[in-house]
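Just so you know, ligand 1 is whichever comes first in the structure, and atom 1 is the first atom listed for that ligand.
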Amino acid sequence: MEDTPRSLRLQIAVAGRTNSGKSSFMNLITGQDVAITSPIPGTTTDVVEKAMELRPLGPVLFLDTAGIDDETELGGRRVERSRRALDRADVILLVTTPGVWAAPEEKVLAAARERKTGLIAVVNKCDQTSPAPEFLAMLKEKTSFAPIVTSSVGGNPEREKALPQLKDALLAACPDDFVQPPPLIGDLTTSGDVIIMIVPVDKQAPKGRIIMPQMQVLRDALDHGVQTLTVRESEYKAALNALKAPPALVICDSQVVDLMVRETPQAVPCTTFSILFARLKGDMNLLAAGTAALAKLSPGDPVMVAEACTHHASEDDIGRVKIPRWLAQKTGGELKVKVASGRDFPDDLGDQKMIIHCGSCMLNRRETLRRMTLAHNAGVPITNYGMAISYSKGVLERVLSPFPEALETYKKALK
Ligand code: SF4
């Protein structure tokens, strides 16, 4: 379970004032000294992450943030990092102490409401003063969930009291799409079907393994009793010919989408890993509509390429080199491309004409949706690498056809 990727864990941000006992509370719950705790305010300088198994919820990731009220210069940077942690949180725990609720707590409440993220109040340090019933009622009214009443001193007995309260609260507050995420291929196949996955093994492929989207599709196929035939693009035709009946679905890496479309009989549905992830991680229809805006770009238009991981860019980099090149061919001239990598997705999208986001395989659904919402609210069309590549190779409609609603949305947006 320790191997579960971060993007698949329920992400729980622990927020609150400097020295409200956030880190001690997290230590109490995880049973480990993972955050830096000190009686000196502002000791937590960065977002500290701790992964654990919290049955029956499953794998979770706690994000211990800096004090929301830290007004020092260094604090400004800490608060900015904490704000980004709230962007990806599925649930926020707001740690306070008996009777304490003012502007900093209201700020966290407003951030949770803006992000439509469940907020649970944790009243800490109750060994020192008991919280008044009216205070607890006020917290429940503001957050819609019963507050957790605890003390982070006292070790195991306190942990045994706090853990069941926390699990109940998390179950009530965690988003429906975490409990039941959109399907990957489950609704496109039936048990007993055979599908083909086309996985290029080029110099960009990691050594000795396949990448996460391919692994997840493979696992989803196993979960649904679907048989998979995994081949490189050079073996695809032979694999098709070797089957007694046509496959129920073909899925490829976007980089070989033109080859897949060319060689796949018209009656066989085909799509890309990236398009499957557009639905799993985000809002597929919004991305489909956004892709249509690529047709309206002119040379010189500012376009932001957003990549969720930071990595050394190769000369053949997909986001920085290949997609801009393909789009320039389609548009008739170079675009003004700016790259935002890692967690640096700006709140202010300025005068960007378009955002082309990576496949989000390392982000959770909430953070991906948050980025899409920011783009949508700013009126900036957003697409993902997979859709942009399929568009630039002229095969988007074919690979969207297993998703009639998204295809329709794309066609309407083109008009
Ligand atoms: S940059 Fe995006 S698509 Fe690539 S590995 Fe990271 S999250 Fe996945």
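Considering only non-hydrogen protein atoms, atom 6 (Fe) of ligand 1 sits nearest to Cys309 SG, 2.2 Å. For atom 5 (S) of ligand 1, the closest heavy atom belonging to the protein is Cys361 SG, 3.5 Å. The single protein non-hydrogen atom nearest to atom 3 (S) of ligand 1 is Gly359 N, 3.5 Å, given as residue, atom name and distance. Of all protein heavy atoms, the one closest to atom 7 (S) of ligand 1 is Met362 N, 3.2 Å.
More than 12 heavy-atom neighbours from other residues, nucleotides or ligands sit within 6.0 angstrom of NZ on Lys296.
No salt bridge links Glu367 with Arg370; every basic N to acidic carboxylate O contact stays at or beyond 4.0 Å.
The two residues Phe273 and Ile198 have their closest heavy-atom pair at CE1-O, 3.8 Å. What you find for Arg365 and Arg279 is that their closest heavy atoms are NH1-O, 3.2 Å.
Remark: Lys140 fails to qualify as a cation-pi partner of Phe145 under the 6.0 Å distance and 45° angle criteria applied to the six-membered ring.
Within the 2.8 Å limit, Cys358 places no N, O or S atom next to atom 8 (Fe) of ligand 1.
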